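Below: the structure, in structure tokens.
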Amino acid sequence: MSEADRAGAVLTIDLGAIADNYRQLRDRVAPAAECAAVVKADAYGLGAKHVVPVLHEAGCRTFFVALLDEGIAVRQVLYACAPPAAGGNEPTIYVLSGLTENTAHVFAEHRLRPVLNSIGDIDAWKAFARDAVSQTAAAVHVDTGMSRLGLPENELASLRDAPERLAGFRLAHVISHLACADDPDHPLNALQRDAFEAARASLPTAPGSLANSSGIFLGPSFHADMVRPGCALYGVAPTSGQPNPMKQVIRLQGKILQIREIDTHQTVGYGATHRAEKRTKIATVAVGYADGYLRYLSNRGSAHIGDYRVPLVGRVSMDLTTFDVTDVPGNLVHPGALIDLIDQSNTVDALAEDADTIGYEILTGLGARYHRVYRRR
Ligand SMILES: *Cc1c(COP(=O)(O)O)cnc(C)c1O
């Protein structure tokens with residue numbers, strides 16, 4: 001018996017495809033800009049422990065996480081896979097959520113760089129840098145239209161009037177974040193780019209970084225000196241409504257537990273929301289909303305068995321989902337057979353659309369109960 005035998009589903013993660021996606025994005029922005037990688041939320045649910053070494057091997061030297069604890073974990077992974085040569089440069093890790101109270105020394109201890117999101121952050125980091133012996137580089141984040149994190153216009157203005165507040169530590173990057181980059185026609189894109197360049201011009205000279213995955217595809221005027229793709233590395237389409245240039249990274253196969261035949265008027269699942277209109281074969285699969293297979297997919301989603309598309313019927317329950325497999329040859333549907341819930345023909349984006357959400361939410365919700373297989377090529 002293997003671990004896969006015990007699990008209700010097998011999640012295969014193609015690390016080679018992630019490396020290929022990284023190289024594609026890097027080549028798109030080279031040589032003018034560096035390509036960093038965003039590995040927050042455990043590399044978008046795919047496992048930072050496995051993903052980070054592959055990105056490092058593909059040449060990535062700057063990583064972004066959301067939280068300090070994620071930064072500490074990524075530092076450990078990088079330290080293990082690429083121990084720094086004496087005096088050599090370590091890969092850079094930025095923590096997007098920035099300085100929180102009493103954490104400056106933790107950044108220094110793990111050689112992490114905060115993204116400073118306010119004048120208060122900047123003053124705190126400067127005060128810390130005054131007493132610190134070790135590296136104290138940081139990025140400053142200016143808000144150009146997200147109204148979420150980063151210096152708003154008035155704080156930028158006070159910084160412009162008192163540039164000495166930035167003296168005392170190394171301003172390694174100035175960053176901002178695009179709100180609508182997946183929609184190339186949105187007027188906010190150019191407005192944010194221009195506001196970003198204006199902000200940079202008012203600050204001490206430092207490399208700039210504006211583009212997420214989608215921003216890369218808006219063209220070179222958005223690349224600045226470094227781009228920060230996340231979702232595209234993991235196969236999510238960067239531009240809505242356009243063909244996806246990225247390689248698919250994951251395959252999710254659910255296990256059929258039971259097959260049954262029901263007749264006209266019999267119903268399936270909680271709430272009896274699906275009623276058979278003829279003799280129907282139902283396959284019950286060991287995946288449910290507890291695995292991140294969203295309940296909203298009830299009576300909307302679909303899966304594949306070989307080349308056969310099978311509709312999801314009835315409600316998704318916590319541990320089980322039911323599919324109409326009437327049209328699939330009998331030799332393909334039996335207890336223990338695997339059914340493709342996410343694959344090349346039913347991509348993360350397609351599943352997300354059926355679930356009225358985005359690929360990011362599907363990836364970061366991938367369940368802990370799946371048996372995970374990491375494929376390297
Ligand atoms: C998450 C995030 C990214 C990566 O965005 P994708 O759309 O996944 O490429 C880049 N920059 C910031 C500030 C982020 O929060």
Side-chain angles (χ1 to χ4, degrees), residues 18 21-22 24-26 28-29 33-46 48 51-52 55 60 62-68 70-71 74 92-99 112-118 121 138-152 172-184 186 188-189 192-193 195-196 199 207-218 222-240 242 244-247 249-250 348-349 352 357-366:
I18 295 178
N21 286 339
Y22 176 79
Q24 186 202 135
L25 297 172
R26 179 196 63 194
R28 245 173 223 282
V29 304
E34 176 190 354
C35 190
V38 180
V39 295
K40 62 194 179 188
D42 202 23
Y44 289 48
L46 301 187
V51 169
V52 165
L55 289 169
C60 183
T62 304
F63 297 84
F64 283 83
V65 295
L67 299 173
L68 186 51
E70 295 177 342
V74 169
T92 298
I93 302 171
Y94 276 117
V95 178
L96 289 162
S97 62
L99 272 190
L112 306 171
R113 291 185 188 173
V115 173
L116 305 174
N117 288 311
S118 67
D121 279 4
V140 164
H141 180 181
V142 296
D143 180 11
T144 55
M146 275 293 269
S147 310
R148 200 176 62 164
L149 287 177
L151 276 72
H173 282 97
V174 176
I175 80 163
S176 192
H177 192 46
L178 295 165
C180 307
D182 62 322
D183 174 6
H186 202 290
L188 193 51
N189 293 326
Q192 284 197 268
R193 177 196 58 201
F196 178 60
S209 175
L210 177 63
N212 63 340
S213 300
S214 309
I216 293 172
F217 293 83
L218 294 176
F222 288 83
H223 295 171
D225 301 295
M226 182 170 72
V227 295
R228 309 184 304 271
C231 74
L233 296 171
Y234 313 113
V236 170
T239 310
S240 351
Q242 297 281 318
N244 186 356
M246 312 315 299
K247 286 196 176 169
V249 170
I250 68 166
V348 172
D349 291 301
T357 181
I358 52 176
Y360 301 67
E361 194 177 26
I362 300 294
L363 289 181
T364 55
L366 287 168

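Order of appearance sets the numbers: ligands from 1, and atoms from 1 within every ligand. Note that this is a predicted model, so its numbers are computed, not measured.
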Open item on the list: Is there a side-chain contact between Leu25 and Phe217 in this structure, where contact means two heavy atoms from C-beta onward sitting under 4.5 Å apart?
Closed with: yes

Task: Flag, side chain of Asn244 to backbone of Gly235, donor-acceptor distance under 3.5 Å - done: yes

Open item on the list: Given 3.5 Å as the limit, does a donor-acceptor pair link the side chain of Ser97 with the main chain of Ala66, or not?
Closed with: yes

Open item on the list: Using a 4.0 Å cut-off on heavy atoms, what residues surround ligand 1? Order them by chain and number.
Closed with: Val38, Lys40, Tyr44, Leu96, Arg148, His177, Asn212, Ser213, Arg228, Pro229, Gly230, Cys231, Tyr360

Task: Set of side-chain hydrogen bond (donor to acceptor under 3.5 Å, both in side chains) partners for Arg26, sequence neighbours left out - done: none

Open item on the list: Whether the side chain of His173 engages the backbone of Ile175 through a donor-acceptor N/O pair (distance < 3.5 Å, no angle test) should be reported.
Closed with: no

TODO: Decide whether His177 and Arg228 meet the rule of one side-chain donor and one side-chain acceptor closer than 3.5 Å.
DONE: yes

